[in-house]
Every structure is written in C-alpha cells, then in structure tokens.
Protein chains: 2
Amino acid sequence: MPVTLQDVAAAAGVSQATAARALNNYGSVSAGAKERVLKAAADLGYETNHVAQALRSGNTRTVNFLPGNIGAPFFARIAHILSGTLEEAGYVLAVSSSYEQVERERSIIESMRARMSPGLIVAPAHRDLHEHLQRLQQRGTAVVAIDRSLAERGIDSITVDNYALGADAAAHLIALGHRTLGLIYDSDDIGSTPDRVRGAAEAIRAAGGTVVAIQAGTDLEMATTRICERLALSSSEPTALIPMDALMTEATIAAIRQLDLRIRTDLSLVAVDDHSLARLLDPPLTVMAQPVDQIGEDAARLMIQRLEGERTDEVVDLRHRAELIVRGSTALRN
Amino acid sequence: MPVTLQDVAAAAGVSQATAARALNNYGSVSAGAKERVLKAAADLGYETNHVAQALRSGNTRTVNFLPGNIGAPFFARIAHILSGTLEEAGYVLAVSSSYEQVERERSIIESMRARMSPGLIVAPAHRDLHEHLQRLQQRGTAVVAIDRSLAERGIDSITVDNYALGADAAAHLIALGHRTLGLIYDSDDIGSTPDRVRGAAEAIRAAGGTVVAIQAGTDLEMATTRICERLALSSSEPTALIPMDALMTEATIAAIRQLDLRIRTDLSLVAVDDHSLARLLDPPLTVMAQPVDQIGEDAARLMIQRLEGERTDEVVDLRHRAELIVRGSTALRN
DNA sequence: CTGTTAGCGCTTTCAT
DNA sequence: ATGAAAGCGCTAACAG
C-alpha cells in the first residue's frame, strides 16, 4: 500500500539506485534526473522507510536513554533536552527506567542490541557493576554515562563534580561562621551522595569544624524520624545542615518542623537541586543547583559526535560544577 | 559478525524456517528439533534481530509518547509508567516533546510513520487541530490521547475530568464559607485550564458566589505582578484563590507574599497537582491531585490491547476524577 | 552519470 | 513436521 522507492523510480523513469541517490543526495545524479525523481516522490507522497534503511545500512538512528527513573525531575529534564537535540540531528530517543537495578539495566541493554540501537546514554545503576556497559561499548555501541562517572572504566562521562558540590556547600556555611555541620544522606553507597559527603566532610575538617553524619535511610518517614532523634539527642548540636538529595531535604524540613525549630533562625540549611518550589518555601532555600540542561546538552552533542565519527579521541570526562544559589535558608551563626 | 538465524539453523541441522518456528514457538516443530535449535541458539549466543523482524513482519513494537514537554513532572511520571508497562509487553517507548506546537507534532508524526511505529500516545497540542492525528489513526496507527480528550473526534482518550476538578475545588472552598473566589489561569485557550475555570465558575455561581477571573499570562514574573495588582485593587476582594496549574500556583504564592498577606489566615488556597514540596510549604497546600499513575497505566494498557487486537470496540473515553487532598492552606472564612 | 546485482536477517506461503 | 523460495524496502558495490 505505501509508496516505495521502487514506485518513485518507476514514475521518474530511472532505476532505484538513481532514485535513492537523488533522494538522499549522495553519489552523482544529473540535474534532470534528480528533478524528476523529486517530483515523482512529491507527487506520490513517498516517505522513506527507515526500518528498511536501518536493516540495510545497519544504522537505526535511535539513541536509548536509561536513567534510574525517567519520572524523576532531574532525569526528566535531561530527557527533554536529549530528545530535542538528538531530533535535530535526525535521531530518535527511546527511554526506559532501570529502577537503579543492574539486572534491569542488563536486560534493557540486550533488547537495545536486538534493536540495533547505536547509542546509549545511561545513568549507571551501580558504581562497580558495569562490565555489561563496557561490553556493549566494545561491541561498537557508543556509550555515554551521566550522573556517575565511568571514565576510569573507559566510558565517556558527563557528571557534576559531587565532591566539589559537597565542599562548596560546606564552605558557604563555614564562611557564615558555622562549625558543627550535619550531613544528611540516605545510605553509604548509593549514587552521588558518597562523594558529596566526602567533599563536605573534608572541607569541614580542614576548617577545624565538626562533622555530624546522619545516615537516615531511603524511606521518607523513617528518615524524618531518624533526623528528629539525632537533632534532639545530639550533645554537640549542629548549627547547620546539608541534606544531600531531594528526599533528604524533604525529610530534614519535616524533622525541623516537628521539633518546632525554625530554618535560618535555629538552623541553616543548604539543599541540593534547585526546584521551582524551593523559592517559595519560607524562608526560600539556599541550594546547590546542578547544571541539568548543560549535562543534557553535552551528553547529546557528545553522543552525536561519536555516532557520526566526528570525534574519536580518548574518553571524555566532563565534570560540571554545581552552582551555589544563596537564598534565605542560610544565615550567620548566632 | 553477529549470529544470525541462519547460523543457528545450520548448527542445529535444520532449515531457517524450522529454527524460526522453534525460537518463536509457532507452527509445529518436533520436540527433538526444537531442543536442538534452542541449544544451538544458546551456544552461539543468538539474539533476534528486531529490525529485520520488523521489516519483514511490519511490526516494530515501538510506541511513541508525545507530550508537550517530557521534562514536566506530570508527563515525566506518565512516561515512567508507560515505559514500565509497555516493556513488560515487549514494546519500547520512544519520546519527544511537542512544545505544544502543532507543527512539531505533525513532523514527529511523520517521522513515526517512516519508522513504522504502530502506536502513539499523545497529549494533543491543540484542541482543534487534530486532523493529522485522525489521519494517522485512519492509516492504521493506534492513537491514544491523554490530558485532553479527543474522543469526540474518534480518538481514544484518557483524561481527568477538568470540569469536575474545578468544581470540586470551588465546592471545598464554598463549604468553608467562602463566597468570592479568585480563579487564576494563564490564558483563555490553553490546555486543560478552560474546563477547570468553567467548572469552578459554574459551581461558584450556582452557590450564589462571585467569580473574580484573573488571567495572568504565561510568564511567571508577569503573572506575579498581575496577580498582585488584581489582589490589591479589587474592590470585591476574594477570600480564596484557585490557581489552575503549577505555574499559576507559584505566581500566586509569590504574589501573596509580596503583598505581605498570609495563606490560610488572609486567603485560602487550593492548588492543582500534588507535589512532594506542597506538603512542606507553610502552611502545607490543599490540592486537587490528578491520578497521574492511573492515567499512565490506563493509557499503556489500552494501547497494548489495541495493538494486540484484543479490543476493537468503540472509542474509549475515560475521565478520571481528581482527588481533593485537604491540608493547611484552606480554612473557614473568617 | 546510471543501471544491475546482491543482499541486510527475518517471516511466511507453499510444497513436500 | 519440515524445507525451499520469495521477498519486506532499501543501500552499496560494481559495471558500464
């Protein structure tokens, strides 16, 4: 039913080969032939069949995006940028959530291979389990990691410098006179938080301050309870807090409220990740904002360059700096 | 280089046809042959080539999702559900943002056709310009609309009842004794807001109340300014406000703060769309929560049924009810 | 500059 | 139950 290249060629009175050359302008075609082909294609309403093209040429022009959860704001915004940039270059973006499970990551990668996807942009589910990603790359798929660097493993990576993020957050508080800082994180070995914690802790110690580490777990309610306990019991009470991700920020604010303390007056707070509502909290949150759009843009561009063979140099390891946005939740220590 | 069906067939000492039958269990294959084929496939590490399969069978098992902006929380969460549910059924989800522009919607639909995608889940960019969607459906692609119903145009739709949403929000406020309600929205003819505004307005009038319509525009700052003006000048001051989407909520809260008024005490507020931070605002926001996951789940299931031919009945028009979650931003009129 | 010829890897009649 | 053969629609050598 659909119009094929063959139909166009017949209508234009040329061979399929010539029609293909005219349509995709490569090789050489006489002006006359080209014109007739283009006209025939337009008249018949011809549309390239990308599937046939892909099978024959071995290139599906589809890039996969595999974050932990495509529904999370950080990854969703990246997906938006990725799809826009890739589309301009003629690629399509396919997405899945890995749920931070290596097993799912693996199975999705298999299905990618079956679908001949030439590129994968992934937020690796695990720091150490990445042989499947390396193997994928060795077999010829372009792989770009975001959020967690795998550059040491030979995989292009676009991340934010989480160590610096932690250090910068701490430095801000230290500059305000705080000396005992509470670092609030879910668990010891998940995602980007360990680096953030290390960065903050070292900055605090270097300034002669005291680190109060609060490992609160990954569940909102439990985390709130734990933070409450620690805040209430602590003999060396922190005067400032750094919750290391969005969930911890929620738990921390909830805890502060339960204890009837006030942000800024009783406790300074630097959160991670900006958010439209962060500005509307009372007081508005001082945050470390990750350059989300930048990461998406870079990842897409790098991917395109790798796929087009415009770039064949060593593995790229871009670390962006998070930006401190000072608003109202941090104040001089009183 | 990659292992093909041919290799497997050869290794198992059968024809390609038999190998295919064994691998995809259809037709009839003797137990012995089947076993040998399966073993050969496993030994050689055979993986189906979906592209070839798609070209030959005409089914790519790829569903496209085309929201206004995949980076927006509402759509991102839906994407997450969609990809999970579709994957279980062996489909892949491809996404793009239409930027609410019909033109982009059209061009993406073309590229879908070229890629032989059998299904589209779309948040229509426009209420009236939808012939391209109808045409797509007529040509055999399964189309499901979300967020805005196109059921009258013959396209399956899963939406929330925005009229009821507006009415329910207003009813809550009316029950609290409010009589003059401010309805805050960006513009007259964008997305789901007109229905919400109508629903709220009619509920208010039916209760003998007064509607203060505040059309604030689509830009956050400008909207804030306009809301400030209207709130300050209005001779018949509203005692409660309903901002009709997330952006309007932000603008409204900013405006209230600028005017040094207090939510709940001076003005009651019902926002649309729940949000983890809504609970952390002071006071926590009373909201109309849309059943996001439900919509995603329904859209995916319906799409699968249509694609598998398990459902061939009339056009589906599912309207979910948004849920009122009462928190602290609404109070009895004083 | 253009046509012919082979397939890409798979499914699907149609015989056997 | 199985095999042979014919493509799906396109690209890419290779001739001419």
Side-chain angles (χ1 to χ4, degrees), chain A residues 1-38 40-41 44-62 90 110-118 139-140, chain B residues 1-38 40-41 44-62 90 111-118 140:
Chain A
M1 192 89 282
V3 180
T4 71
L5 184 60
Q6 185 146 210
D7 302 328
V8 175
V14 297
S15 73
Q16 273 192 56
T18 303
R21 288 191 266 255
L23 254 9
N24 307 299
N25 26 239
Y26 67 93
S28 7
V29 191
S30 67
K34 179 159 189 170
E35 196 181 325
R36 273 179 297 140
V37 170
L38 263 29
L44 300 179
Y46 170 74
E47 294 173 48
T48 306
N49 181 329
H50 273 278
V51 177
Q53 207 170 320
L55 176 59
R56 181 60 234 240
S57 68
N59 185 359
T60 55
R61 299 187 81 83
T62 298
E110 272 184 36
S111 116
M112 268 187 68
R113 286 185 40 79
R115 290 174 182 276
M116 301 187 4
S117 171
R139 295 210 210 170
Chain B
M1 194 89 285
V3 179
T4 71
L5 183 60
Q6 185 146 209
D7 302 329
V8 175
V14 298
S15 72
Q16 273 192 56
T18 303
R21 289 190 264 252
L23 255 8
N24 308 299
N25 28 240
Y26 66 86
S28 12
V29 190
S30 68
K34 180 157 187 171
E35 195 181 326
R36 273 178 297 138
V37 169
L38 261 28
L44 300 178
Y46 171 74
E47 295 172 49
T48 306
N49 180 328
H50 272 278
V51 178
Q53 206 167 355
L55 176 59
R56 182 58 232 242
S57 68
N59 185 359
T60 55
R61 299 187 80 82
T62 298
S111 115
M112 268 186 68
R113 285 185 41 79
R115 297 183 117 87
M116 302 188 4
S117 171

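Just the heavy atoms: all of them, side chains too, but no hydrogens, waters or symmetry mates, feed the values below. Please read these numbers as outputs of a predicted model, since none were measured by experiment. Letters go in sequence order (proteins before strands), and every chain restarts at 1.
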Quiz item: With sequence neighbours excluded, what pairs up with Thr60(A) under the side-chain hydrogen bond (donor to acceptor under 3.5 Å, both in side chains) test?
Solution: none

Exercise. Assign Val14(B) to base, sugar-phosphate, or nothing according to its heavy-atom contacts below 4.0 angstrom with the strands shown.
Key: sugar-phosphate

Exercise. May I have the distance from Gln6(A) (atom CD) to dT4(C) (atom P), rounded to whole angstrom?
Key: 12 Å

Quiz item: Considering only dC10(D), dT2(D), dT2(C), which nucleotide approaches the side chain of Thr18(B) most closely?
Solution: dT2(D)

Self-check item: OP1 or OP2 of dG9(C) under 4.0 Å from side-chain N/O of Thr4(B)
Solution: no

Practice problem: Round to a whole Å and report the spacing from CZ of Arg113(A) to P of dG9(C). | Solution: 13 Å

Practice problem: Provide, to the nearest angstrom, the distance between the CG atom belonging to Leu55(A) and the C1' atom belonging to dC8(D). | Solution: 9 Å

Quiz item: Quick one: Arg36(A) CZ to dT2(C) C1', roughly how many Å, whole number?
Solution: 11 Å

Practice problem: Please round to 10 degrees the angle between the axis of the first five pairs and the axis of the last five pairs in the helix from dC1(C)-dG16(D) to dT16(C)-dA1(D). | Solution: 40°

Quiz prompt | Arg113(A): partners by salt bridge (Lys or Arg N to Asp or Glu O under 4.0 Å), with sequence neighbours left out | solution = Glu47(B)

Self-check item: Distance, rounded to the nearest Å, where Leu44(A) contributes CG and dG9(D) contributes C1'
Solution: 15 Å

Quiz item: With sequence neighbours left out, what residues match Ala11(B) under side chain to side chain contact (heavy atoms under 4.5 Å, CB included)?
Solution: Ala40(B), Leu44(B)

Quiz item: Does the side chain of Arg61(B) reach to within under 4.5 Å of the side chain of Gln53(B), using non-hydrogen atoms?
Solution: no

Exercise. Any chance you could list the contact pattern along nucleotides 11-16 of chain C? Use B for base contacts, S for sugar-phosphate-only contacts and - for none, protein heavy atoms under 4.0 Å, 5' to 3'.
Key: BB----

Practice problem: Measure from CG on Leu23(A) to P on dC10(D) and round the result to the nearest Å. | Solution: 9 Å

Self-check item: Below 4.0 Å: OP1/OP2 of dT2(C) and any side-chain N or O of Ser28(A)
Solution: no

Quiz item: Choosing from dG9(C), dC10(D), dT2(C), which nucleotide comes nearest the side chain of Ala33(A)?
Solution: dT2(C)

Quiz item: Could you state the CG-C1' distance from Asn49(A) to dG9(D), rounded to the nearest angstrom?
Solution: 6 Å

Quiz item: What integer distance in Å separates Met116(B):CE from dC8(D):C1'?
Solution: 8 Å

Quiz prompt | Residues forming a side chain to side chain contact (heavy atoms under 4.5 Å, CB included) with Glu110(A), sequence neighbours excluded | solution = none

List the atom pairs, donor and acceptor, that lie under 3.5 Å between side-chain atoms in residues 17-27 of chain A and the rest of the protein, sequence neighbours left out.
from     : atom 1 : to       : atom 2 : distance (Å)
Thr18(A) : OG1    : Ser15(A) : OG     : 3.3
Asn24(A) : ND2    : Ala20(A) : O      : 3.0

Quiz prompt | CA sep, side-chain torsions, deciding dist, call: Thr62(B), Arg115(A), side-chain contact (heavy atoms from CB on, under 4.5 Å) | solution = CA-CA 10 Å; Thr62(B) 298; Arg115(A) 290 174 182 276; 3.5 Å; yes

Practice problem: Report yes if some heavy atom in the side chain of Tyr46(B) is under 4.5 Å from a heavy atom in the side chain of Asp7(B); otherwise report no. | Solution: no

Quiz item: Thr4(A) side chain to Gln6(A) main-chain N or O, any donor-acceptor pair under 3.5 Å?
Solution: yes

